[in-house]
> 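Pasting a structure here, questions to come.
Everything numeric here is computed off the predicted structure, so don't read it as measured data. First the proteins, then the strands, lettered A, B, ... as listed; each starts at 1.
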Amino acid sequence: MTVGPTATIADDEPELIRRVAAKDRRAFETLYQRYAQRLHRYLSRQIQSAELTEEVLDDVMLVIWQSAARYNGTSRVSTWIFGIAHHKALKARARQASRAAAVPLSENEIAGDEGPEDITMRGEIDRLLARGLAALSPEQRAVVELTFRDGCSYQEIAEITRTPVNTVKTRMFHARRRLQPLLSALGLARGRSSEEKQG
Amino acid sequence: MSEDDRHRHVAELLPWYVNGTLGDRDRDAVTAHVSECLACREELARCQTLAATVQNALDTAWTPAADRLPRLLASVELIEAEGARRAGWRAQWRDAVEWLSDVFERTPGPVRWGFAAQAALLVLVVGLAFWTGILSPPAPYRTLAESGARRAGEARIHLVFAENVTEHDIRALLARVQGKIVDGPSPLGVYTVEIGAGAPDQVMPMVGILRSDPKVRLAEPLPRR
(Lines give C-alpha, C1' and ligand atoms only; values in the text may rest on other atoms or scores of the structure.)
Protein backbone atom coordinates (compact mmCIF):
# COMPACT_ATOMS: atom_id res chain seq x y z
CA MET A 1 0.00 0.00 0.00
CA THR A 2 1.33 3.35 -0.96
CA VAL A 3 0.39 6.34 1.17
CA GLY A 4 -2.19 8.33 -0.72
CA PRO A 5 -5.54 7.13 -1.98
CA THR A 6 -4.95 8.40 -5.49
CA ALA A 7 -1.32 7.40 -5.74
CA THR A 8 -0.44 4.65 -8.13
CA ILE A 9 1.69 1.84 -6.77
CA ALA A 10 5.14 3.30 -7.11
CA ASP A 11 7.29 0.25 -7.74
CA ASP A 12 10.21 2.41 -8.80
CA GLU A 13 10.46 4.26 -5.49
CA PRO A 14 13.00 1.96 -3.78
CA GLU A 15 15.20 2.40 -6.87
CA LEU A 16 14.64 6.16 -6.66
CA ILE A 17 15.77 6.18 -3.04
CA ARG A 18 18.81 4.06 -3.93
CA ARG A 19 19.76 6.66 -6.53
CA VAL A 20 19.26 9.48 -4.02
CA ALA A 21 21.56 7.59 -1.63
CA ALA A 22 24.10 7.56 -4.46
CA LYS A 23 23.76 11.39 -4.56
CA ASP A 24 21.82 11.51 -7.82
CA ARG A 25 20.39 15.05 -7.98
CA ARG A 26 17.93 14.14 -10.75
CA ALA A 27 16.41 11.37 -8.63
CA PHE A 28 16.11 13.81 -5.73
CA GLU A 29 14.27 16.28 -7.96
CA THR A 30 11.88 13.53 -9.05
CA LEU A 31 11.23 12.58 -5.44
CA TYR A 32 10.59 16.22 -4.54
CA GLN A 33 8.14 16.67 -7.39
CA ARG A 34 6.35 13.47 -6.38
CA TYR A 35 6.09 14.18 -2.66
CA ALA A 36 6.23 17.96 -2.09
CA GLN A 37 2.50 18.57 -2.31
CA ARG A 38 1.50 15.51 -0.28
CA LEU A 39 4.02 16.30 2.43
CA HIS A 40 2.97 19.94 2.47
CA ARG A 41 -0.66 18.95 2.91
CA TYR A 42 0.19 16.60 5.77
CA LEU A 43 2.57 19.04 7.47
CA SER A 44 0.20 21.99 7.12
CA ARG A 45 -2.48 20.06 9.03
CA GLN A 46 0.02 19.28 11.76
CA ILE A 47 1.78 22.61 12.07
CA GLN A 48 -0.85 25.15 10.97
CA SER A 49 1.66 27.86 10.09
CA ALA A 50 2.23 28.37 6.37
CA GLU A 51 5.76 29.74 6.72
CA LEU A 52 6.91 27.08 9.15
CA THR A 53 5.30 24.35 7.04
CA GLU A 54 7.46 25.25 4.04
CA GLU A 55 10.59 25.34 6.21
CA VAL A 56 9.80 21.94 7.67
CA LEU A 57 9.11 20.55 4.20
CA ASP A 58 12.60 21.62 3.12
CA ASP A 59 14.02 20.03 6.28
CA VAL A 60 12.25 16.77 5.50
CA MET A 61 13.67 16.72 1.97
CA LEU A 62 17.18 17.44 3.25
CA VAL A 63 16.89 14.60 5.78
CA ILE A 64 15.85 12.33 2.92
CA TRP A 65 18.91 13.44 0.95
CA GLN A 66 21.24 12.83 3.88
CA SER A 67 19.79 9.55 5.14
CA ALA A 68 18.51 7.82 2.00
CA ALA A 69 21.23 5.20 2.48
CA ARG A 70 19.56 4.22 5.75
CA TYR A 71 16.31 3.24 4.03
CA ASN A 72 16.35 -0.55 4.42
CA GLY A 73 13.35 -1.52 2.33
CA THR A 74 11.37 -3.12 5.17
CA SER A 75 8.56 -0.59 4.71
CA ARG A 76 7.14 1.36 1.82
CA VAL A 77 9.14 4.38 0.75
CA SER A 78 6.11 6.56 1.40
CA THR A 79 5.80 5.21 4.95
CA TRP A 80 9.47 5.95 5.57
CA ILE A 81 9.13 9.48 4.17
CA PHE A 82 5.96 10.25 6.12
CA GLY A 83 7.70 8.95 9.25
CA ILE A 84 10.40 11.58 8.76
CA ALA A 85 7.75 14.23 8.13
CA HIS A 86 5.84 13.25 11.25
CA HIS A 87 8.96 13.43 13.39
CA LYS A 88 9.85 16.85 11.96
CA ALA A 89 6.29 18.10 12.52
CA LEU A 90 6.48 17.03 16.16
CA LYS A 91 9.70 19.00 16.64
CA ALA A 92 8.29 22.03 14.84
CA ARG A 93 5.21 22.02 17.02
CA ALA A 94 7.38 21.85 20.10
CA ARG A 95 9.25 24.93 18.83
CA GLN A 96 6.17 26.98 18.16
CA ALA A 97 6.00 29.63 20.82
CA SER A 98 2.29 29.65 21.21
CA ARG A 99 0.27 26.62 20.50
CA ALA A 100 -3.49 26.69 20.66
CA ALA A 101 -4.68 24.15 23.17
CA ALA A 102 -6.73 21.40 21.68
CA VAL A 103 -10.10 21.98 23.27
CA PRO A 104 -13.00 19.75 22.38
CA LEU A 105 -15.74 21.68 20.65
CA SER A 106 -19.34 21.33 21.64
CA GLU A 107 -21.94 20.43 19.05
CA ASN A 108 -22.97 24.08 18.80
CA GLU A 109 -19.39 25.23 18.25
CA ILE A 110 -18.83 22.70 15.49
CA ALA A 111 -22.10 23.44 13.76
CA GLY A 112 -21.80 27.21 14.25
CA ASP A 113 -24.97 29.28 14.13
CA GLU A 114 -26.55 27.31 11.33
CA GLY A 115 -29.01 24.51 11.84
CA PRO A 116 -28.45 21.22 10.06
CA GLU A 117 -30.97 22.27 7.43
CA ASP A 118 -28.59 24.98 6.22
CA ILE A 119 -25.64 22.67 5.78
CA THR A 120 -25.91 21.65 2.18
CA MET A 121 -23.07 23.45 0.44
CA ARG A 122 -19.77 21.74 -0.20
CA GLY A 123 -17.89 24.68 1.29
CA GLU A 124 -19.98 24.52 4.43
CA ILE A 125 -19.12 20.86 4.91
CA ASP A 126 -15.45 21.63 4.42
CA ARG A 127 -15.64 24.42 6.95
CA LEU A 128 -17.30 22.12 9.47
CA LEU A 129 -14.68 19.47 8.84
CA ALA A 130 -11.85 21.95 9.30
CA ARG A 131 -13.34 23.04 12.61
CA GLY A 132 -13.88 19.46 13.66
CA LEU A 133 -10.31 18.45 12.85
CA ALA A 134 -9.00 21.54 14.58
CA ALA A 135 -10.73 20.34 17.73
CA LEU A 136 -8.60 17.19 17.77
CA SER A 137 -5.19 16.89 19.33
CA PRO A 138 -2.37 16.88 16.73
CA GLU A 139 -1.80 13.17 17.39
CA GLN A 140 -5.46 12.32 16.82
CA ARG A 141 -5.56 14.53 13.72
CA ALA A 142 -2.54 12.72 12.30
CA VAL A 143 -4.24 9.34 12.70
CA VAL A 144 -7.47 10.57 11.06
CA GLU A 145 -5.60 12.22 8.18
CA LEU A 146 -3.29 9.27 7.56
CA THR A 147 -6.22 6.85 7.63
CA PHE A 148 -8.83 8.60 5.55
CA ARG A 149 -6.79 11.01 3.47
CA ASP A 150 -3.61 9.05 2.84
CA GLY A 151 -5.05 5.55 3.04
CA CYS A 152 -2.60 4.10 5.57
CA SER A 153 -3.13 0.87 7.47
CA TYR A 154 -2.98 1.08 11.26
CA GLN A 155 0.35 -0.77 11.18
CA GLU A 156 1.81 1.86 8.84
CA ILE A 157 0.50 4.68 11.03
CA ALA A 158 2.16 3.01 14.02
CA GLU A 159 5.43 2.97 12.09
CA ILE A 160 5.09 6.57 10.89
CA THR A 161 4.21 7.94 14.32
CA ARG A 162 6.52 5.53 16.16
CA THR A 163 3.77 4.46 18.53
CA PRO A 164 2.31 1.04 19.38
CA VAL A 165 -0.56 -0.21 17.25
CA ASN A 166 -2.92 -0.08 20.22
CA THR A 167 -2.12 3.60 20.72
CA VAL A 168 -3.06 4.27 17.10
CA LYS A 169 -6.39 2.51 17.59
CA THR A 170 -7.04 4.37 20.84
CA ARG A 171 -6.29 7.74 19.24
CA MET A 172 -8.67 6.97 16.41
CA PHE A 173 -11.33 5.86 18.88
CA HIS A 174 -11.11 9.14 20.81
CA ALA A 175 -10.97 11.18 17.59
CA ARG A 176 -14.19 9.56 16.40
CA ARG A 177 -15.88 10.35 19.70
CA ARG A 178 -14.77 13.96 19.44
CA LEU A 179 -16.00 14.20 15.88
CA GLN A 180 -19.39 12.71 16.80
CA PRO A 181 -21.20 16.10 16.67
CA LEU A 182 -19.68 16.77 13.27
CA LEU A 183 -20.76 13.36 11.99
CA SER A 184 -24.28 13.92 13.28
CA ALA A 185 -24.42 17.29 11.50
CA LEU A 186 -23.04 15.80 8.31
CA GLY A 187 -25.42 12.84 8.49
CA LEU A 188 -28.41 15.15 8.82
CA ALA A 189 -27.10 17.36 6.04
CA ARG A 190 -26.63 14.42 3.70
CA GLY A 191 -30.03 13.00 4.64
CA ARG A 192 -31.70 16.31 3.88
CA SER A 193 -29.73 16.70 0.68
CA SER A 194 -30.82 13.27 -0.61
CA GLU A 195 -34.43 13.99 0.38
CA GLU A 196 -34.29 17.20 -1.67
CA LYS A 197 -32.92 15.25 -4.64
CA GLN A 198 -35.72 12.67 -4.37
CA GLY A 199 -38.36 15.37 -3.91
CA MET B 1 -12.98 -13.81 23.06
CA SER B 2 -16.25 -12.72 24.71
CA GLU B 3 -18.99 -11.03 22.70
CA ASP B 4 -18.17 -7.65 24.29
CA ASP B 5 -14.47 -8.00 23.46
CA ARG B 6 -15.29 -8.96 19.88
CA HIS B 7 -17.63 -5.97 19.59
CA ARG B 8 -14.96 -3.60 20.88
CA HIS B 9 -12.28 -5.16 18.68
CA VAL B 10 -14.41 -4.75 15.56
CA ALA B 11 -15.44 -1.20 16.48
CA GLU B 12 -11.75 -0.24 16.68
CA LEU B 13 -11.03 -1.70 13.26
CA LEU B 14 -13.89 0.00 11.40
CA PRO B 15 -11.87 3.00 10.08
CA TRP B 16 -9.38 0.65 8.41
CA TYR B 17 -12.20 -1.59 7.17
CA VAL B 18 -13.50 1.54 5.44
CA ASN B 19 -10.14 2.46 3.88
CA GLY B 20 -9.56 -1.11 2.72
CA THR B 21 -6.25 -1.77 4.44
CA LEU B 22 -7.22 -4.56 6.85
CA GLY B 23 -5.65 -7.97 6.45
CA ASP B 24 -7.87 -10.89 5.40
CA ARG B 25 -8.45 -12.16 8.92
CA ASP B 26 -9.45 -8.80 10.39
CA ARG B 27 -11.60 -7.96 7.36
CA ASP B 28 -13.51 -11.25 7.58
CA ALA B 29 -14.07 -10.75 11.31
CA VAL B 30 -15.48 -7.26 10.74
CA THR B 31 -17.70 -8.39 7.86
CA ALA B 32 -19.14 -11.22 9.93
CA HIS B 33 -19.74 -9.08 13.01
CA VAL B 34 -21.24 -6.11 11.19
CA SER B 35 -23.79 -8.33 9.46
CA GLU B 36 -25.33 -9.17 12.83
CA CYS B 37 -24.62 -6.05 14.98
CA LEU B 38 -26.82 -3.00 14.43
CA ALA B 39 -24.62 -0.68 16.56
CA CYS B 40 -21.54 -1.54 14.48
CA ARG B 41 -23.47 -1.07 11.22
CA GLU B 42 -24.41 2.44 12.36
CA GLU B 43 -20.84 3.13 13.43
CA LEU B 44 -19.62 1.85 10.06
CA ALA B 45 -21.93 4.30 8.31
CA ARG B 46 -20.53 7.16 10.41
CA CYS B 47 -16.97 6.11 9.54
CA GLN B 48 -17.86 6.02 5.85
CA THR B 49 -19.29 9.54 6.15
CA LEU B 50 -16.15 10.75 7.87
CA ALA B 51 -13.89 9.07 5.31
CA ALA B 52 -15.81 10.55 2.37
CA THR B 53 -15.79 14.00 3.95
CA VAL B 54 -12.06 13.95 4.70
CA GLN B 55 -11.19 12.61 1.25
CA ASN B 56 -13.39 15.13 -0.56
CA ALA B 57 -12.41 18.16 1.50
CA LEU B 58 -11.04 20.95 -0.62
CA ASP B 59 -7.41 21.65 0.12
CA THR B 60 -5.91 25.05 -0.21
CA ALA B 61 -3.99 24.56 -3.42
CA TRP B 62 -0.28 24.74 -2.75
CA THR B 63 2.41 24.47 -5.34
CA PRO B 64 6.06 25.12 -4.61
CA ALA B 65 7.32 28.57 -5.63
CA ALA B 66 9.53 28.50 -8.73
CA ASP B 67 12.68 29.13 -6.73
CA ARG B 68 11.88 26.54 -4.04
CA LEU B 69 13.52 23.53 -5.68
CA PRO B 70 16.64 25.43 -6.88
CA ARG B 71 17.12 26.76 -3.34
CA LEU B 72 16.71 23.28 -1.92
CA LEU B 73 19.25 21.94 -4.39
CA ALA B 74 21.63 24.74 -3.45
CA SER B 75 21.27 23.70 0.20
CA VAL B 76 22.09 20.17 -0.90
CA GLU B 77 25.27 21.48 -2.53
CA LEU B 78 26.23 23.22 0.72
CA ILE B 79 25.68 20.01 2.67
CA GLU B 80 27.79 18.08 0.20
CA ALA B 81 30.54 20.72 0.27
CA GLU B 82 30.64 20.56 4.06
CA GLY B 83 30.60 16.75 3.94
CA ALA B 84 33.50 16.71 1.47
CA ARG B 85 35.53 19.05 3.68
CA ARG B 86 34.94 16.86 6.75
CA ALA B 87 35.68 13.70 4.78
CA GLY B 88 39.00 15.28 3.70
CA TRP B 89 40.00 15.89 7.31
CA ARG B 90 38.95 12.41 8.34
CA ALA B 91 40.96 10.83 5.53
CA GLN B 92 44.09 12.85 6.46
CA TRP B 93 43.70 11.89 10.12
CA ARG B 94 43.20 8.23 9.20
CA ASP B 95 46.32 8.26 6.98
CA ALA B 96 48.38 9.87 9.75
CA VAL B 97 47.24 7.29 12.31
CA GLU B 98 47.96 4.43 9.91
CA TRP B 99 51.43 5.79 9.16
CA LEU B 100 52.23 6.18 12.85
CA SER B 101 51.05 2.67 13.76
CA ASP B 102 53.03 1.27 10.83
CA VAL B 103 56.20 3.04 12.02
CA PHE B 104 55.48 1.92 15.58
CA GLU B 105 55.16 -1.75 14.60
CA ARG B 106 58.31 -1.75 12.45
CA THR B 107 60.45 -0.23 15.22
CA PRO B 108 62.33 -2.66 17.57
CA GLY B 109 60.80 -3.05 21.05
CA PRO B 110 63.10 -0.91 23.30
CA VAL B 111 63.43 1.85 20.72
CA ARG B 112 59.65 1.79 20.16
CA TRP B 113 58.97 2.54 23.83
CA GLY B 114 61.64 5.21 23.81
CA PHE B 115 59.84 6.90 20.92
CA ALA B 116 56.52 6.51 22.72
CA ALA B 117 57.92 8.18 25.85
CA GLN B 118 59.33 11.05 23.76
CA ALA B 119 56.00 11.49 21.99
CA ALA B 120 54.16 11.56 25.32
CA LEU B 121 56.64 14.17 26.60
CA LEU B 122 56.13 16.23 23.45
CA VAL B 123 52.37 16.11 23.85
CA LEU B 124 52.77 17.21 27.47
CA VAL B 125 55.02 20.15 26.53
CA VAL B 126 52.72 21.27 23.72
CA GLY B 127 49.74 20.94 26.03
CA LEU B 128 51.45 23.05 28.69
CA ALA B 129 52.41 25.69 26.12
CA PHE B 130 48.84 25.82 24.89
CA TRP B 131 47.52 25.99 28.45
CA THR B 132 49.74 28.92 29.38
CA GLY B 133 48.74 30.58 26.11
CA ILE B 134 45.11 30.34 27.14
CA LEU B 135 45.87 31.75 30.55
CA SER B 136 47.60 34.82 29.11
CA PRO B 137 46.63 35.24 25.48
CA PRO B 138 48.99 37.50 23.58
CA ALA B 139 47.64 40.65 21.99
CA PRO B 140 46.87 40.05 18.33
CA TYR B 141 49.59 41.25 15.98
CA ARG B 142 48.50 43.98 13.60
CA THR B 143 50.41 45.95 11.02
CA LEU B 144 50.16 49.73 10.98
CA ALA B 145 48.23 49.62 7.71
CA GLU B 146 45.66 47.22 9.02
CA SER B 147 42.43 48.89 10.06
CA GLY B 148 41.12 45.86 11.93
CA ALA B 149 40.72 42.23 11.04
CA ARG B 150 37.05 42.58 10.36
CA ARG B 151 35.20 45.87 10.45
CA ALA B 152 32.22 46.15 12.72
CA GLY B 153 29.02 45.71 10.76
CA GLU B 154 30.48 43.32 8.22
CA ALA B 155 28.73 40.04 7.77
CA ARG B 156 29.60 36.93 5.86
CA ILE B 157 27.33 34.94 3.61
CA HIS B 158 27.53 31.86 1.43
CA LEU B 159 26.76 32.53 -2.21
CA VAL B 160 26.13 30.15 -5.08
CA PHE B 161 25.81 31.77 -8.49
CA ALA B 162 23.73 30.50 -11.40
CA GLU B 163 25.62 28.43 -13.96
CA ASN B 164 25.46 31.02 -16.75
CA VAL B 165 26.77 33.94 -14.66
CA THR B 166 29.64 35.98 -16.06
CA GLU B 167 32.50 37.63 -14.25
CA HIS B 168 30.90 41.01 -15.03
CA ASP B 169 27.62 39.83 -13.45
CA ILE B 170 29.45 38.72 -10.31
CA ARG B 171 31.13 42.11 -9.94
CA ALA B 172 27.81 43.92 -10.46
CA LEU B 173 26.08 41.72 -7.86
CA LEU B 174 28.84 42.21 -5.30
CA ALA B 175 28.74 45.98 -5.86
CA ARG B 176 25.04 46.06 -5.01
CA VAL B 177 25.78 44.70 -1.51
CA GLN B 178 29.26 46.19 -1.11
CA GLY B 179 30.53 42.65 -1.02
CA LYS B 180 33.91 41.07 -1.55
CA ILE B 181 34.78 37.43 -2.01
CA VAL B 182 36.88 36.22 0.92
CA ASP B 183 36.85 32.50 0.16
CA GLY B 184 35.89 30.06 -2.54
CA PRO B 185 34.73 28.86 -4.83
CA SER B 186 34.53 25.44 -3.22
CA PRO B 187 34.52 22.43 -5.55
CA LEU B 188 30.75 22.81 -5.64
CA GLY B 189 30.81 26.52 -6.41
CA VAL B 190 30.14 27.97 -2.96
CA TYR B 191 31.68 31.41 -2.32
CA THR B 192 32.11 33.08 1.05
CA VAL B 193 31.39 36.78 0.67
CA GLU B 194 31.76 39.60 3.16
CA ILE B 195 29.00 42.16 2.74
CA GLY B 196 29.00 45.69 4.07
CA ALA B 197 25.87 45.64 6.16
CA GLY B 198 26.04 48.62 8.51
CA ALA B 199 23.91 47.00 11.19
CA PRO B 200 22.79 43.45 11.93
CA ASP B 201 19.25 44.21 10.77
CA GLN B 202 20.56 45.24 7.33
CA VAL B 203 21.99 41.80 6.60
CA MET B 204 18.73 40.13 5.66
CA PRO B 205 17.60 42.96 3.31
CA MET B 206 20.93 42.59 1.49
CA VAL B 207 20.52 38.84 1.39
CA GLY B 208 17.02 39.48 0.04
CA ILE B 209 18.48 41.59 -2.78
CA LEU B 210 20.77 38.72 -3.74
CA ARG B 211 18.07 36.06 -3.46
CA SER B 212 15.74 38.03 -5.73
CA ASP B 213 18.35 38.09 -8.48
CA PRO B 214 17.96 35.21 -10.96
CA LYS B 215 21.74 34.95 -11.20
CA VAL B 216 21.93 33.81 -7.56
CA ARG B 217 21.02 30.22 -6.68
CA LEU B 218 21.66 30.53 -2.95
CA ALA B 219 22.40 33.32 -0.48
CA GLU B 220 22.60 32.26 3.16
CA PRO B 221 23.98 34.41 5.99
CA LEU B 222 26.63 32.85 8.19
CA PRO B 223 26.45 33.25 11.96
CA ARG B 224 28.27 36.35 13.25
CA ARG B 225 31.35 35.70 15.31
> Non-hydrogen atoms of chain B under 4.5 Å away: do they reach the side chain of Gln180(A), the backbone, both or neither?
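Just its side chain gets close to chain B.
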
> Going by heavy atoms in the side chains, are Lys169(A) and Leu13(B) under 4.5 Å from each other?
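Of all side-chain heavy-atom pairs linking Leu13(B) with Lys169(A), at least one is under 4.5 Å.
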
> Should the pair Asp58(A)-Arg71(B) be classified as a salt bridge under the 4.0 Å nitrogen-to-oxygen rule?
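Here Asp58(A) does not pair with Arg71(B) in a salt bridge, since their nearest N and O are not under 4.0 Å apart.
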
> With chain A, which of Gly20(B), Ala65(B), Cys47(B) has the greatest number of heavy-atom pairs at distances under 4.5 Å?
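Heavy-atom pairs under 4.5 Å are most numerous for Cys47(B).
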
> Name the region of Val168(A), side chain, backbone, both or neither, that has any atom closer than 4.5 Å to a heavy atom of chain B.
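Its backbone and side chain both get close to chain B.
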
> Quick check on the interface: out of Glu43(B), Arg46(B), Glu12(B), who has the most heavy-atom pairs with chain A under 4.5 Å?
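Ranked by contacts with chain A, first place is Arg46(B).
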
> Is the number of heavy atoms from other residues, nucleotides or ligands under 6.0 Å of Arg25(A) CZ greater than 12?
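Enclosed.
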
> Just so I understand: if I count every heavy-atom pair under 4.5 Å between each of Met172(A), Glu54(A), Gln66(A) and chain B, which residue has the most?
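Option with the top pair count is Glu54(A).
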
> Check Ala36(A) against Trp62(B) and note the closest heavy-atom contact, atom names and distance.
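Closest heavy-atom pair between Ala36(A) and Trp62(B): O-CZ3, 3.7 Å.
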
> Which heavy-atom pair separates Tyr32(A) from Pro64(B) by the least distance, and what is that distance?
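Closest approach of Tyr32(A) to Pro64(B), heavy atoms only: OH-CB, 3.4 Å.
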
> If every non-hydrogen atom of Arg176(A) is compared with every non-hydrogen atom of Ala11(B), which pair is closest and at what distance?
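Nearest pair, atom of Arg176(A) first, then Ala11(B): NH1-O, 2.9 Å.
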
> Would Arg8(B) pass as a cation-pi partner of Phe173(A), given that its NZ or CZ must be under 6.0 Å from the six-membered ring centre and within 45 degrees of the axis?
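Yes - Arg8(B) lies over the ring of Phe173(A), closer than 6.0 Å to its centre and within 45° of its axis.
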
> What closest approach, in Å, do Thr21(B) and Ser153(A) show between heavy atoms, and which atom pair accounts for it?
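Shortest heavy-atom separation between Thr21(B) and Ser153(A) comes out as OG1-CA, 3.3 Å.
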
> Mind checking whether Met61(A) and Arg68(B) have side chains closer than 4.5 Å, heavy atoms only?
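The answer is no; the side chains never approach within 4.5 Å.
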
> With a 4.5 angstrom heavy-atom cut-off, which part of Leu72(B) approaches chain A: side chain, backbone, both or neither?
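Backbone plus side chain of Leu72(B), per the 4.5 Å heavy-atom cut-off to chain A.
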
> Please confirm whether the backbone N or O of Thr147(A) pairs with a side-chain atom of Asn19(B), one donor and one acceptor, at under 3.5 Å?
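Yes; at least one donor-acceptor contact below 3.5 Å.
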
> With side chains defined as the heavy atoms from C-beta onward, is the minimum distance between Ile157(A) and Trp16(B) less than 4.5 Å?
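Side-chain contact under 4.5 Å: yes.
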
> Between the side chains of Tyr154(A) and Asp26(B), is a donor N or O closer than 3.5 angstrom to an acceptor N or O?
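Yes.
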
> For Gln55(B) versus Arg149(A), what's the shortest heavy-atom pair and its separation?
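Smallest heavy-atom distance, with atoms named: O-NH1, 4.0 Å.
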
> When only pairs under 4.5 Å are counted, which of Val143(A), Thr170(A), Leu133(A), Leu62(A) shares the most heavy-atom pairs with chain B?
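Top count of heavy-atom pairs under 4.5 Å with chain B: Leu62(A).
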
